[in-house]
Amino acid sequence: MDQQTLIFLGPQGSGKGTQSKIFEDTLKRIDPLREVVHFEMGKNLRELANKESYTGKLLSEVIYQGELVPFNISSCVFSNHLVEHLTSDCHLIIDGFPRSEEQMPVVDTTMAFYKRVQVTVLYIDIPDEEGVERLLKRARSDDTEKNIRKRLAWTREEWGKILARFDANPIYKVVEINGVQSVEEVHREILSKLGLS
Ligand code: AMP
């Protein structure tokens, strides 16, 4: 199969983390000889936040509040991971970056530098109501419905800008996925839209 470069996008509660992990397993099964590099921004940031350091302490406060960590940290974590792990023929899965429009130039320059000229952007969409319901179920006690709605409204506007930037650049192919289905159904829709089923 061709080398895959995939970016999983979607609002909080869309299930993109779960889907990117299942997709990684499928990719390893279909193409066992090729390495898969899977970058998970949330996981990497949490690891950094758990370190006994001044940066770790400050980061854990930001993550606990549900805010985005500053741009210098997110782009540094992303770039470092690729510097350490990327090889010329590996598949690459990115989960959780970009999450704001200001992160887009980092994605663009990264793809250009690593010569990834065909990038699939999987946007797993769910309506706000579904997102609120899912987030309330897994929310911390201080995470009120009002806060969740405020966050989702902000991210929806930001997703619009991010998707418009992807649409405007021919190296990216945006594929929309209906996130309001069972985990298995979402996975099947991804495989079918990528021509892998
Ligand atoms: P997640 O596991 O994807 O829900 O991410 C956990 C937390 O990490 C988020 O609530 C943010 O605080 C932070 N985070 C994840 N991705 C990004 C990003 N691209 N830019 C800034 N902060 C992020």
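In listed order, ligands and their atoms are each counted from 1. Each residue takes its place number in the sequence, starting with 1. All values below come from the heavy atoms of this structure, side chains included, with hydrogens, waters and symmetry mates left out.
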- Of all pairs that satisfy salt bridge (charged side-chain N to carboxylate O under 4.0 Å, His left out), the ones with a partner from residues 52-63, not counting sequence neighbours: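 Only K57-E61 qualify under salt bridge (charged side-chain N to carboxylate O under 4.0 Å, His left out).
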
- Query: With sequence neighbours left out, which residue pairs that include part of residues 71-97 fulfil the salt bridge (charged side-chain N to carboxylate O under 4.0 Å, His left out) condition?
  - Reply: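 Of all non-adjacent pairs touching residues 71-97, those that pass salt bridge (charged side-chain N to carboxylate O under 4.0 Å, His left out) are K16-D95.
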
- Task: May I ask you to check whether over 12 heavy atoms, not counting those of K193, lie within 6.0 Å of atom NZ?
- Result: yes

- Note on the structure: Under 4.0 Å from ligand 1, residues with heavy atoms, in chain and number order, are Q12, K16, M41, G42, L45, R46, I63, E67, L68, V69, S74, G96, F97, R99, Q103

- Query: For the residue pair F166 and Y172, does the interplanar ring angle fall in the parallel (under 30°), tilted (30 to 60°) or perpendicular (over 60°) class?
  - Reply: perpendicular

- Item | N178: partners by side chain to side chain donor-acceptor pair (under 3.5 Å), with sequence neighbours left out |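 Partners of N178 under the side chain to side chain donor-acceptor pair (under 3.5 Å) test: none.
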
- Item | Spatial distance of atom CG (L45) from atom CD1 (I73) [nearest 0.5 Å] | 8.5 Å

